[in-house]
Amino acid sequence: DDLFDVIETSLCASEGIKPEMIGIAIPGIIHGGTMDLPSSNSIDLTKYGNHFAIEQFFRDRYHLPGYIFNNVNAAALGWYSAQDTYQNIVFHSQPYGWKMGGEGIIVNGRLLSGKNSSAGEVKYIVPLFSGLDDVGSAVCTPDQMVRVVARDIVGAVTYLDPQVICLRSDMTPY
């Protein structure tokens with residue numbers, strides 16, 4: 001409802017520029033304009049079914065082009081477009097207190113999304129790692145978070161050999 005309110009307020013504004021399209025960055029796997037709801041715990045759209053055609057929903061509701069992006073892919077594209085030095089980057093986003101983050105990957109200047117738009121979804125490899133069982137269901141200290149982040153980015157370093165890794169993590173102050 002808050003999102004609808006923001007969009008509708010923008011559309012009804014009497015001054016300034018009216019929106020020409022709707023772009024939303026949201027956690028989860030976005031593939032072909034469809035959102036895989038079970039992978040997105042931060043928003044409850046289950047009343048729309050398991051695979052919600054979220055882009056079409058916004059296009060139909062507001063009669064504007066709508067584009068939905070994975071949040072960390074949007075961050076990676078934003079960081080990449082703001083510089084002209086690096087062509088191969090990994091943008092790792094680690095939510096506060098979570099055991100798993102996500103990665104937006106740019107290779108040779110192009111976003112890497114994969115066949116099912118799941119490239120960078122660290123949650124698929126995390127269960128294969130051991131040694132962090134003592135962390136529990138949530139990460140409570142900066143030292144635990146450093147271990148989690150290091151675990152998550154080791155795959156990116158090993159397989160992609162990026163020029164730079166960007167890190168967004170409130171719990172890793174150093």
Side-chain angles (χ1 to χ4, degrees), residues 1-84 86-126 138 149 152-153 156 160 162 164-171:
D1 291 338
D2 291 337
L3 184 57
F4 297 151
D5 186 47
V6 169
I7 293 169
E8 289 162 13
T9 299
S10 297
L11 292 172
C12 293
S14 59
E15 297 178 28
I17 300 171
K18 302 272 184 175
E20 295 179 19
M21 65 183 244
I22 297 170
I24 300 172
I26 187 169
I29 297 174
I30 312 297
H31 183 66
T34 300
M35 181 176 167
D36 183 2
L37 294 175
S39 68
S40 181
N41 297 329
S42 61
I43 187 168
D44 183 15
L45 297 171
T46 53
K47 65 183 177 183
Y48 299 108
N50 283 343
H51 299 287
F52 176 38
I54 190 167
E55 279 187 4
Q56 192 62 48
F57 174 85
F58 282 101
R59 288 177 184 160
D60 292 346
R61 183 174 176 125
Y62 297 109
H63 308 290
L64 288 171
Y67 302 97
I68 310 300
F69 301 96
N70 169 275
N71 61 332
V72 74
N73 285 343
L77 287 167
W79 191 92
Y80 173 77
S81 68
Q83 57 83 45
D84 59 2
Y86 305 106
Q87 293 295 306
N88 298 286
I89 69 164
V90 171
F91 191 108
H92 183 87
S93 178
Q94 188 69 46
Y96 189 90
W98 285 46
K99 286 178 74 170
M100 293 177 242
E103 295 173 346
I105 303 165
I106 308 277
V107 175
N108 296 328
R110 297 183 57 103
L111 179 68
L112 179 65
S113 59
K115 177 182 149 229
N116 295 305
S117 301
S118 60
E121 289 290 334
V122 178
K123 67 183 178 185
Y124 294 122
I125 61 168
V126 167
V149 169
D152 286 0
I153 64 174
L160 300 170
V164 66
I165 294 174
C166 304
L167 176 62
R168 188 212 63 82
S169 174
D170 293 336
M171 286 185 72

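Values in this document were obtained by computation on a predicted structure and should not be read as measured data.
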>> Pair Val107, Leu160 - check side chain to side chain contact (heavy atoms under 4.5 Å, CB included), show working.
In response: CA-CA 8 Å; Val107 175; Leu160 300 170; 4.3 Å; yes
>> Ignoring hydrogens, what is the shortest heavy-atom contact between Ser169 and Val149? Give both atom names and the distance.
In response: OG-CG2, 4.2 Å
> Under 4.5 Å between any side-chain heavy atoms of Ile165 and Ile89, yes or no?
Replying inline: no
> Is the Trp79 ring parallel, tilted or perpendicular to the Tyr86 ring (thresholds 30°, 60°)?
Replying inline: parallel
>> As a quick check of understanding, evaluate side chain to side chain contact (heavy atoms under 4.5 Å, CB included) for Ile153 and Leu167, giving each step before the final call.
In response: CA-CA 10 Å; Ile153 64 174; Leu167 176 62; 5.6 Å; no
>> More than 12 heavy atoms of other residues, nucleotides or ligands under 6.0 Å from CZ of Arg110: yes or no?
In response: no
> Would the number of heavy atoms belonging to other residues, nucleotides or ligands and lying under 6.0 Å from CG of Asp84 be above 12?
Replying inline: no
> Which atom pair, heavy atoms only, marks the closest approach of Pro65 to Glu20?
Replying inline: CD-O, 3.3 Å
> How long is the span from the CG atom in Asn70 to the CD atom in Glu103, to the nearest 0.5 Å?
Replying inline: 11.5 Å
>> With rounding to the nearest 0.5 angstrom, report the CG to OG distance, Asp5 to Ser10.
In response: 9.5 Å
> Looking at CG of Asp152 and CD of Gln94, how far apart are the two atoms once the value is rounded to the nearest 0.5 Å?
Replying inline: 5.0 Å
> For Ile106 and Leu111, what are the C-alpha separation, side-chain angles and deciding distance, and is it a side chain to side chain contact (heavy atoms under 4.5 Å, CB included)?
Replying inline: CA-CA 4 Å; Ile106 308 277; Leu111 179 68; 4.2 Å; yes
>> Tell me which one of Tyr62, Phe58, Tyr67 satisfies side chain to side chain contact (heavy atoms under 4.5 Å, CB included) with Met21.
In response: Tyr67
>> Rounded to the nearest 0.5 Å, what separates atom CG in Leu3 from atom CD in Glu8?
In response: 9.5 Å
>> Please give me the minimum heavy-atom distance between Tyr80 and Gly109, naming the atom from each residue.
In response: OH-CA, 3.2 Å
> How close do Gly101 and Pro95 get, heavy atom to heavy atom, and via which atoms?
Replying inline: CA-CD, 4.0 Å
> For the residue pair Ala156 and Pro162, what are the closest heavy atoms and their distance?
Replying inline: O-CD, 3.5 Å
>> Does any part of the side chain of Leu64, heavy atoms only, come nearer than 4.5 Å to the side chain of Leu11, both counted from C-beta?
In response: yes
